[in-house]
**Student:** 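This is the structure I want to talk about, given as structure tokens.
For the numbers below, each heavy atom of this structure counts, side chains included, while hydrogens, waters and symmetry mates do not. The structure presented is a predicted model; accordingly, all values stated were derived computationally and were not measured.
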Amino acid sequence: MLKFALLGCGRISKRHSELLGLNQINNATLIAVCDLIKEKAENISKRMKVPFYQDMHEMMRKEDIDVIVILTESGNHANHVIELANYGKHIIVEKPMALSLEDADRMISACEKNKVKLFVIKQNRFNLPVRKLREAIEQGRFGKIVMGTVRVRWCRKQEYYDQDKWRGTWALDGGVLANQASHHIDLLEWMLGAPVSVYAIAKKALVDIEAEDTAIVVLKFANDAYGIVEATTGIRPKDLEGSISILGSGGSVVIEGFAVNKMKTWDFVLPEENDEEVINKFSENPPNVYGFGHKAYYDHVVDCILNNKKQLVDGIEGRKSLELINAIYESIETGKEVILNFKPSKSKLGKHI
């Protein structure tokens, strides 16, 4: 039985605490939570009947922890991972793993030095229809891929950003691209491979924050495919869509729903025996934009630790989409196409402005 602890008891912690604290993950249990704000930690502590702390080092010293889950502000992930790696416990960190590439590299090095596994949360990779799409990619069923598109059309009103001062700031969060759309950007890159260039535009459409709430991104990939990212939190009155489509000479797949959860199109030039069942068999109906991927993700983490299986998203894999997100922000600031690999100079992400 692996013993988990949570660092950070904000909005996303509800999902993590319920999975770990309500026995929804085999061979995993929640034993402690920590947050600088006493009320937040105490709230989860009471519901899950586990001790709470306001000092992460006190928690690590007093509790017999196997895995620490870092759910703090994105801009604080790096320092927390680096400090906690010294305890020799495996680490899970929410997306994005960091805001700067330098921080990501420091995190990876710290975990390698202390011989701990670093897991970056990309739960949408575990969605049923997404896994089926990835299978088709690996089988080469698309032939020559022409285009991939992701859309994030979600609703985040001013009160969402006003809940915490760090939301929408360059230093600790970023905008829709670094936060809400980071999962979808990861999916696009996972399906299409290495990007070679990016051009992006963005704006603040409906809310008063430092970063953007609306953006459009055009990508070129090494396999000669084009990519499109359409992302906004300016949808009203409620979340509308989180989707991905892959189009190629051999077929087309579209996954919709508001959490990349509903298989809408599964159509190939060379049909296979079970293709007619895919639409119904590989769709889900989650209650919110978090979807069902977190459970499958935790099952994967437990399997990796207990059975020494290969991680789907370790620090190096998590860094890939972070580099792309930084390139997108670089393009927004310069107004120019940015060629990968690159060193950010104008991107505001992770900086105090």
Side-chain angles (χ1 to χ4, degrees), residues 26 120-153 181-196 218-230 240-287 289-304 307 309-314 317-318 320-321 324:
N26 291 333
V120 182
I121 295 176
K122 300 289 185 184
Q123 81 273 6
N124 283 348
R125 289 195 183 196
F126 293 85
N127 289 2
L128 273 178
V130 171
R131 283 186 282 180
K132 190 63 177 175
L133 168 59
R134 177 65 184 180
E135 181 184 282
I137 292 276
E138 292 174 348
Q139 292 172 344
R141 295 194 67 188
F142 287 94
K144 177 179 172 60
I145 297 180
V146 177
M147 180 177 289
T149 301
V150 290
R151 293 191 180 96
V152 181
R153 296 170 169 177
S182 63
H183 284 301
H184 307 78
I185 293 170
D186 171 71
L187 288 183
L188 189 64
E189 188 171 13
W190 191 38
M191 299 302 172
L192 297 190
V196 295
V218 179
L219 301 115
K220 297 176 185 176
F221 289 87
N223 62 359
D224 200 35
Y226 285 164
I228 301 290
V229 178
E230 175 196 323
L240 179 64
E241 177 185 5
S243 67
I244 183 170
S245 61
I246 303 294
L247 314 175
S249 63
S252 305
V253 171
V254 179
I255 304 174
E256 292 186 343
F258 52 71
V260 203
N261 59 284
K262 182 179 179 181
M263 188 75 80
K264 182 183 179 184
T265 302
W266 181 267
D267 195 12
F268 289 94
V269 174
L270 299 175
E272 294 186 355
E273 183 179 351
N274 297 319
D275 280 350
E276 291 184 2
E277 302 175 9
V278 168
I279 296 293
N280 292 325
K281 192 175 179 181
F282 291 90
S283 289
E284 303 171 302
N285 186 29
V289 296
Y290 297 133
F292 295 125
H294 281 104
K295 183 183 186 308
Y297 180 83
Y298 270 113
D299 287 336
H300 169 72
V301 168
V302 170
D303 190 31
C304 287
N307 300 310
K309 295 289 183 65
K310 179 177 172 57
Q311 297 162 244
L312 184 60
V313 189
D314 58 9
E317 184 70 11
K320 291 179 181 178
S321 59
L324 178 52

**Student:** Over 60° means perpendicular and under 30° means parallel, so tell me whether His300 and Phe126 are parallel, tilted or perpendicular.
**Tutor:**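 Aromatic pair His300/Phe126 classed tilted.
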**Student:** Are the side chains of Val120 and Glu317 in touch, meaning some heavy atoms are under 4.5 Å apart?
**Tutor:**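 Result no, sub-4.5 Å side-chain heavy-atom pair not found.
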**Student:** For Glu272, look at atom CD and say whether over 12 heavy atoms of other residues, nucleotides or ligands are found less than 6.0 Å away.
**Tutor:**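 Count over threshold, so yes.
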**Student:** His183 vs Asn127, test: side chain to side chain contact (heavy atoms under 4.5 Å, CB included). Steps then yes/no.
**Tutor:** CA-CA 12 Å; His183 284 301; Asn127 289 2; over 6 Å; no
**Student:** Any side-chain heavy-atom pair from Pro129 and Lys262 closer than 4.5 angstrom?
**Tutor:** no
**Student:** If every non-hydrogen atom of Ser243 is compared with every non-hydrogen atom of His184, which pair is closest and at what distance?
**Tutor:** N-CD2, 4.4 Å
**Student:** State the CG-CZ distance between Leu187 and Arg134, to the nearest 0.5 angstrom.
**Tutor:** 10.5 Å
**Student:** Taking side chain as C-beta onward, heavy atoms only, is Met191 less than 4.5 Å from Val150?
**Tutor:** no
**Student:** What's the separation between atom CE in Met147 and atom CD1 in Ile145, rounded to the nearest 0.5 Å?
**Tutor:**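 Reported value, rounded in 0.5 Å steps: 12.5 Å.
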**Student:** Taking atom CG of Leu188 and atom CZ of Phe221, what is their separation to the nearest 0.5 Å?
**Tutor:** 4.0 Å
**Student:** Shortest non-hydrogen contact from Ile228 to Val218?
**Tutor:**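 In terms of heavy atoms, the two residues are closest at CD1-CG2, 4.0 Å.
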**Student:** Classify the angle between the aromatic ring planes of Trp266 and Phe268 as parallel (below 30°), tilted (30 to 60°) or perpendicular (above 60°).
**Tutor:** perpendicular
**Student:** How many angstroms lie between atom CG of Leu133 and atom CZ of Arg125, to the nearest 0.5 angstrom?
**Tutor:** 12.0 Å
**Student:** Indicate yes or no: at least one non-hydrogen side-chain atom of Leu219 is less than 4.5 angstrom from one of Leu324.
**Tutor:**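 Side-chain contact under 4.5 Å: yes.
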**Student:** Would you say Leu192 and Phe142 make side-chain contact, with heavy atoms under 4.5 Å?
**Tutor:** no
**Student:** What pair of heavy atoms forms the shortest contact from Val302 to Asn26, and how long is it?
**Tutor:**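 Of all heavy-atom pairs spanning Val302 and Asn26, the closest is CG1-O, 3.8 Å.
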**Student:** Which pair of non-hydrogen atoms, one from Lys144 and one from Asn223, has the smallest distance, and what is that distance?
**Tutor:**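 For Lys144 versus Asn223, the nearest heavy atoms are NZ-O, 4.3 Å.
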**Student:** At their closest point, which heavy atom of Ile121 faces which heavy atom of Gln123, and how far apart are they?
**Tutor:**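 Looking at all heavy atoms of both residues, the shortest contact is CG2-OE1, 3.5 Å.
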**Student:** Any idea which heavy atoms bring Lys122 and Ser321 closest together, and the distance?
**Tutor:** NZ-OG, 3.4 Å
**Student:** For atom CG of Asp224, decide whether the heavy atoms of other residues, nucleotides or ligands shown that lie under 6.0 angstrom number more than 12.
**Tutor:** no
**Student:** Under the side chain to side chain contact (heavy atoms under 4.5 Å, CB included) rule, what do Lys281 and Leu128 come out as? Steps first, then yes or no, please.
**Tutor:** CA-CA 9 Å; Lys281 192 175 179 181; Leu128 273 178; over 6 Å; no
**Student:** Can you tell me how far apart OG (Ser283) and CG (Asn261) are? Round to the nearest 0.5 Å.
**Tutor:** 7.5 Å
**Student:** State, with a plain yes or no, whether a side-chain heavy atom of Glu256 is found less than 4.5 Å away from one of Thr265.
**Tutor:** no
**Student:** Charged N to carboxylate O under 4.0 angstrom, Arg131 versus Glu135?
**Tutor:**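 Salt bridge: no.
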**Student:** Taking the side chain as everything from C-beta on, heavy atoms only, tell me whether Arg153 gets closer than 4.5 Å to Glu230.
**Tutor:**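 Side-chain contact under 4.5 Å: yes.
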**Student:** Is any side-chain heavy atom of Val130 less than 4.5 Å from a side-chain heavy atom of Trp190?
**Tutor:** yes
**Student:** Taking atom OH as the centre, does Tyr226 end up with more than 12 heavy-atom neighbours from other residues, nucleotides or ligands that are less than 6.0 angstrom away?
**Tutor:** no
